Amino acid sequence: MQQKSKDTGLYAGSNESRSNDSSDFIEHEQPMSTVSSDCAFLTSWQPTIYPNGCCNTSSTICNSAGNVLTVALAGNQLTGSIPTELGSLTSLNLLNLSGNQLTGSIPTELGQLTSLQYMFLNSNQLTGTIPTELGRLTSLSWLHLESNKLTGSIPTELGQLTNLTILRLDFNRLSGSIPCEFSNLKALSDSNFAGNPLESTTFNAAVS
């Protein structure tokens, strides 16, 4: 991935759609100052953003042990694919890469981020299918994959995300039906599947 310009706010959507998101941003405390192997990966991945290490930056928050908790690179005009190495940031609770120009598929390695609560990959140019491995992210509360070019069916494994409150899959190229397993998503309060050639299917949670 390469960076063209810098805007490291914690927004859920691209610059053009921020006002329409369910929540414009997520606030965090200031990061601690410790170097870790997490930082070694991030500084090698985005040296222009992290020239002096990845903690104590506007786009990354770490805990006292130096483990990265937040990566927020929304609206940076990043290009290329999502690094598979992001899956090694196992303490991560927020990943925001929305509003960029990312291509390629969603790495299956993101299914290793079992502490993740918020994932924003929306408003890019991602292709391929939604990895079934995302069904392992049982701590996930918000999942934003809208406004990409994702294809295939919606994985039934997403029905295991019982803490999910927001699910946005709208404006992709997904086909088939909404899995009946989504009836398990009792906490779901905001979902959107519009703009996909899906069959009409209902389940016991709100669908937009």
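We count residues from 1, following the sequence as given. Quick caveat, the model's predicted, so the values are computed rather than measured.
In this structure, the side chain to side chain contact (heavy atoms under 4.5 Å, CB included) partners of Thr108, at least two apart in sequence or on a different chain, are Pro131, Glu133. For Thr127, the side chain to side chain contact (heavy atoms under 4.5 Å, CB included) partners are Lys149, not counting sequence neighbours. Not counting sequence neighbours, the partners of Asp170 by the side chain to side chain donor-acceptor pair (under 3.5 Å) test are Arg168. When the side chain to side chain donor-acceptor pair (under 3.5 Å) test is applied to Ser175, no partner is found at least two apart in sequence or on another chain. Tyr50 pairs by the side chain to side chain contact (heavy atoms under 4.5 Å, CB included) definition with Leu42, Thr43, Gln46, Cys54, Thr57, Ser59, Thr60, Val71, Leu73, not counting sequence neighbours. Scanning for side chain to side chain contact (heavy atoms under 4.5 Å, CB included) contacts around Thr90 gives an empty result, with sequence neighbours left out.
His144 and Trp142 have perpendicular rings, their planes meeting at more than 60° on a 0 to 90° scale where under 30° would count as parallel.
Contact check for Leu116 versus Leu110: no side-chain heavy atoms found under the 4.5 Å cut-off. Inter-residue side-chain proximity for Phe120 and Leu143 is flagged as unmet; no heavy-atom pair is nearer than 4.5 Å. Side-chain atoms of Leu167 and Asp190, non-hydrogen and from C-beta on, never get closer than 4.5 Å to each other. At least one side-chain heavy atom of Leu150 sits under 4.5 Å from a side-chain heavy atom of Leu126.
Panel note: side chain Asn196, backbone Leu174; a donor-acceptor pair is recorded below 3.5 Å.
With no hydrogens or angles considered, a side-chain donor-acceptor pair links Ser141 and Thr165 at under 3.5 Å.
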